[in-house]
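Below: the structure, in structure tokens.
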Amino acid sequence: MTIKQKLENIKYNPLEIEPKWQKYWSENNTFSVEVDKSKPKYYILDMFPYPSGAGLHVGHPEGYTATDIVSRYKRMQGFNVLHPMGWDAFGLPAEQYALKTGTHPAVTTRKNISNFKRQIQSLGFSYDWNREVATCDPDYYHWTQWIFSKLYEKGLAYVDEIPVNWCPELGTVLANEEVIDGKSERGGFDVIRKPMRQWVLKITDYAESLLDGLDDLDWPDSVKEMQRNWIGKSQGAVVKFRVAKNENLADSSLDFEVFTTRPDTLFGATYCVLAPEHQLINKIAKDNQDVQNYVNAAINKSDRQRQEEAKLKTGIFTGAYAINPVNNKEIPIYVADYVLITYGSGAIMAVPAHDQRDWEFAKKYDIEITEVVSGGKIEEEAYTGNGKLVNSDFLNDLEVNTAKEKIISWLVENQLGTEKINYKLRDWLFSRQRYWGEPFPIVNTKDGQKLLDESELPVVLPEIEKYQPTTDGQPPLARATDWLEYTDKETGETYLRETNTMPQWAGSCWYYLRYIDPKNNKEAWDKEKENYWMPVDLYIGGVEHAVLHLLYSRFWHHVLHDLGLVSCREPFKKLVNQGMILGEDNQKMSKSRGNVINPDDIVYKQGADTLRLYEMFMGPLEQVKPWNTKSVGGVHRFLNRSWNLVIDDKGELKTIKDEDIKVKKALHRTIKKVTEELEQLKFNTAIAALMTFCNEANEHGGLSIDSAKTFTLLLSPFAPHLGEELWEKLGNKETLAYVAWPKWEDDLVKLDKITIAVQINGKLKNTIEADAEIEKDALLALAKADEKISSLIEGKQIIKEIVVPKRLVNIVCK
RNA sequence: GCGGGUGUGGUGAAAUUGGUAGACACGCUAGACUUAGGAUCUAGUGCUUCACGGCUUGGGGGUUCGAGUCCCUCCACCCGCACCA
């Protein structure tokens, strides 16, 4: 052995000890778990990654380190911890790559998974790898298809010809949530509206349930609020309007419904507006070329265009009039694209005096504005506040809320309307015209669809040669000609299989359930195991999933709960969003800015423990924070000092017999601090406490072997490789993963001498040392006896004396 | 426009929830030591002043013996939604 090699064994050498312990954990199955009813369970979940070709970025280890620390801590506290990892492996990039190169997405995905796994394992996370799942694996999507069957049987999945967000560049439709500012979320390509045959899931049936469930969740308020807004419940009424007869319009039976949250303002409705897609237009203005032109122009606009032109408030009079049911006044019917066909009934009653949008439109087209709620200046802007009703016949003098109640009962009595709740939430567009996704367990018959029997699952994704859509615009699966034809076993009839596939969200909707029983080939999960492990106790991931994954998952889980297939209503009890890590230039990390930090580089140079510790030390987990390479060196030095605190430069233990009592006391304060901070996921201050202890121990001559052991245990969730190595050097043969978490003794946490602040008139003048348990009077006397203080109060009149035990003395005088 | 959040040294941040503002780090300054390594050690470091002292948590006001923390008000920035009637 050369001197250099020898030195490396002696000094803190993460590059050597980290692979050593990773191997140990893997060979000993240290972190594999089973149901054990003698122990309390704790389920800690990470949002599993999409294994992209770019590999891990520093954002991944942030959340993963946090959950790993909690997992290790909980294990040491005697919890049976389920902490799994897997792959969200269906997805667009692998398919895009296949389109370009012809490489099968499965090949690309497998390669990326193995790279991701290598990187994740190099960070020493304590996952139970026996539970690894990949959503693109037939053994997995078998059960995704099975859950779809359950939804279908329950009437929650249907086919509809609906206008969808079509992205020509990606060759697929997108869900509303996947469209940002009229562009695709992935790639930023243009999205247009186009009617197409699509699978849709009736998430709207669960709007109320999803809203209700939010209240008791331990989630960030911002996420709960985003979901509430997305569901967008509003209470109001539908009102039926008849269309007035005139010379062009003989049909007297025409009518339409509007939705309003302000039925109290019905007397102020001076016109109505139909969305350009509204079917009534063709009945009242079929031959009006101007109207038809307007409608066509509006329909052909992309969503982006419509958004950009939103302020313009364009519209056109149809020539027809509606009859306001409360006063039989004839009011003009307009078509305008500020009214959306997708919300309510696609038609509104416009009350320009009390709705800003209607106000702007009325001003532009010179329509009457009638005030019906007093209190505003309607010549200047719409008044949406409270007040007394005016110009409203039987509603006059009522407040808005009472007027609402009264008008609704009037509408009901006269069969002109009802109370109604509307949601912004739309049904979930569930099909994609792609190859790399779960096939539907569905065949198309002459008169609809037929669900395949459970025994025919999984419907395995067939091999195809090309991944493009067919020339006649069918999804790529239409190219799998052998697969496409399906012969019904009972009837002998031949049907065509569904060629759409499911969206990427399908697999991630329920992966946390599969982890519970990942190898079960009889059912999706065992009921008893589910009952033991669920719900997820702690779920950490990025805020970008606030309304997508987290709403879809909850939806499926609620359905599964209603079917009696899971034991709890809400899957994720506590949710934490880790904040994004920015580049050193305070900008979002991106290749084009050249500010990307690769975790591999840190692991190879300073070690995984350093990376883990640094990411936790940067600041609060939830906060957005910039990377700082210099600071990485700071935590690396701390790990070095920790090593040197226990190991001397010959590689031998340097623990001492007679440890300073100060060190022991500092240690117990540290146990308390670290434990309390871990409970609150305040990793940055927990690490600061460990640093403080390390500094104090160095100052006061070092550690006894018992203290060294305790310190090692405290450090181990954060820096597990260093922890295990020191633990071994301290004479232990087995992993520290299940050694009991240290407890502090209250007596040792107490300080005997305390520094007390002495203020005069609220300003700090001096500090004094006092016994921790000193009486109030004695403390005051001590403060007054202080040389500096006594000289300052001499000859002054003392008005008030405040003594706060263990904190301060404040003398008020003049 | 609506909703959520954040403003503390040169930088990342901390503050027992109304009680010594700036813990712990980074950076910087000076020094020590070295077979030069992302070394290590020692001292200093909010601003201001020669000093005694004074000032300081985005600005202004208030409550209190005492406010980063509570109340009012204004300002700046970040995130989400956005013609949802």
Side-chain angles (χ1 to χ4, degrees), chain A residues 3 11 180-181 220-226 228-230 232-234 236 258-262 265 273 275 306-307 309-313 336-340 342-351 354-358 360-361 422-426 543-544 546-547 577 579-580 586 605-606 610 614 617-620 622-638 640-641 644 673 676 682 684-695 698 755-767 799-813:
Chain A
I3 288 170
K11 286 161 95 176
I180 311 288
D181 294 334
D221 285 337
S222 59
V223 175
K224 290 208 244 182
E225 210 45 39
M226 274 191 238
R228 285 194 191 102
N229 290 341
W230 191 263
K233 180 178 184 173
S234 49
V258 303
F259 173 72
T260 176
T261 53
R262 295 293 304 274
T265 61
V273 184
R306 267 207 199 186
Q307 262 172 30
E309 294 164 15
K311 303 154 238 129
L312 299 177
K313 292 274 176 317
D337 68 358
Y338 81 91
V339 172
L340 307 176
T342 44
Y343 185 74
S345 56
I348 61 155
M349 63 177 220
V351 184
H354 306 290
D355 182 292
Q356 189 59 26
R357 295 155 300 181
D358 298 343
E360 283 163 22
F361 190 84
N422 249 324
Y423 300 92
K424 281 201 256 180
L425 185 70
R426 315 278 152 75
V543 71
E544 65 273 19
V547 281
N577 296 125
M580 205 187 344
N586 239 302
K605 285 177 190 155
Q606 283 142 301
T610 295
Y614 172 65
F617 187 64
M618 288 174 86
E622 300 88 342
Q623 197 164 300
V624 177
K625 44 212 175 264
W627 187 267
N628 183 323
T629 299
K630 288 268 174 57
S631 294
V632 180
V635 292
H636 185 69
R637 276 196 286 280
F638 162 65
N640 228 325
R641 263 183 283 130
N644 292 332
K673 180 89 175 157
E676 286 170 353
K682 289 164 81 175
N684 53 332
T685 47
I687 293 166
L690 290 167
M691 289 174 166
T692 305
F693 174 73
C694 187
N695 294 343
N698 267 322
T755 311
I756 304 286
V758 185
Q759 300 179 333
I760 293 179
N761 292 336
K763 301 245 179 193
L764 181 71
K765 293 295 168 187
N766 206 1
T767 57
I799 298 164
K800 203 169 179 181
E801 289 159 331
I802 293 128
V803 183
V804 183
K806 296 185 182 178
R807 294 260 174 257
L808 57 59
V809 174
N810 185 12
I811 299 165
V812 186
C813 57

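Numbered from 1 within each chain, the chains take letters A, B, ... in sequence-line order.
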### Query
When the nearest nucleotide of RNA chain B is assigned to Asn422(A) and to Thr685(A) on a heavy-atom basis, which residue is associated with the more 5' position?
Thr685(A)
### Query
Want to settle it: does Asn761(A) or Asn640(A) sit nearer the 5' end of RNA chain B, counting the closest nucleotide to each?
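Closest to the 5' end, via its nearest nucleotide, is Asn640(A).
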### Query
Looking at rC65(B), rA13(B), rA85(B), which one has an atom nearest to any side-chain atom of Asn810(A)?
rC65(B)
### Query
Can you tell which of rG5(B), rC26(B), rU16(B) lies closest to the side chain of Asp221(A)?
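Nearest listed nucleotide: rG5(B).
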Expressed as a whole number of angstroms, how long is the span from [X]:[atom1] to [N]:[atom2]?
{"X": "Leu425(A)", "N": "rA82(B)", "atom1": "CG", "atom2": "P", "value": "13 Å"}
{"X": "Ile687(A)", "N": "rA25(B)", "atom1": "CD1", "atom2": "P", "value": "12 Å"}
{"X": "Lys424(A)", "N": "rA82(B)", "atom1": "NZ", "atom2": "P", "value": "7 Å"}
{"X": "Met618(A)", "N": "rA13(B)", "atom1": "CE", "atom2": "P", "value": "8 Å"}
{"X": "Ile811(A)", "N": "rG66(B)", "atom1": "CD1", "atom2": "C1'", "value": "14 Å"}
{"X": "His636(A)", "N": "rC24(B)", "atom1": "NE2", "atom2": "P", "value": "21 Å"}
{"X": "Asp358(A)", "N": "rA85(B)", "atom1": "CG", "atom2": "C1'", "value": "7 Å"}
{"X": "Lys682(A)", "N": "rA13(B)", "atom1": "NZ", "atom2": "P", "value": "15 Å"}

Taking the same atom, [atom1], in [N] and in [M], what whole-Å distance lies between them?
{"N": "rG27(B)", "M": "rG38(B)", "atom1": "P", "value": "15 Å"}
{"N": "rU20(B)", "M": "rU57(B)", "atom1": "P", "value": "15 Å"}
{"N": "rA67(B)", "M": "rG12(B)", "atom1": "C1'", "value": "25 Å"}

[X] side chain N/O closer than 4.0 Å to the phosphate oxygens (OP1, OP2) of [N]?
{"X": "Ser234(A)", "N": "rA85(B)", "answer": "yes"}
{"X": "Asn695(A)", "N": "rA25(B)", "answer": "yes"}
{"X": "Asn684(A)", "N": "rG12(B)", "answer": "no"}
{"X": "Lys224(A)", "N": "rG5(B)", "answer": "no"}
{"X": "Gln623(A)", "N": "rA13(B)", "answer": "yes"}
{"X": "Arg637(A)", "N": "rA25(B)", "answer": "no"}

Checking all strands, does [X] fall into the base, sugar-phosphate, or nothing category for heavy-atom contacts under 4.0 angstrom?
{"X": "Thr610(A)", "answer": "nothing"}
{"X": "Lys806(A)", "answer": "nothing"}
{"X": "Val812(A)", "answer": "sugar-phosphate"}
{"X": "Arg228(A)", "answer": "nothing"}
{"X": "Phe617(A)", "answer": "base"}
{"X": "Val351(A)", "answer": "nothing"}
{"X": "Pro620(A)", "answer": "sugar-phosphate"}

### Message
side chain to side chain contact (heavy atoms under 4.5 Å, CB included), that's the test. Do Lys800(A) and Asn810(A) meet it? Break it down for me.
### Response
CA-CA 8 Å; Lys800(A) 203 169 179 181; Asn810(A) 185 12; over 6 Å; no
### Query
Can a donor-acceptor pair under 3.5 Å be found between the side-chain atoms of Lys630(A) and the base atoms of rG27(B)?
no
### Message
Given the structure, check if the side chain of Arg641(A) and the base of rU40(B) hold any donor-acceptor pair shorter than 3.5 Å.
### Response
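No.
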#### Entry: Tyr614(A) (side chain) donor-acceptor with Asn628(A) (main chain) under 3.5 angstrom
yes
### Query
side chain to side chain contact (heavy atoms under 4.5 Å, CB included) between Tyr343(A) and Ile348(A): does it pass, once the steps are laid out?
CA-CA 10 Å; Tyr343(A) 185 74; Ile348(A) 61 155; over 6 Å; no
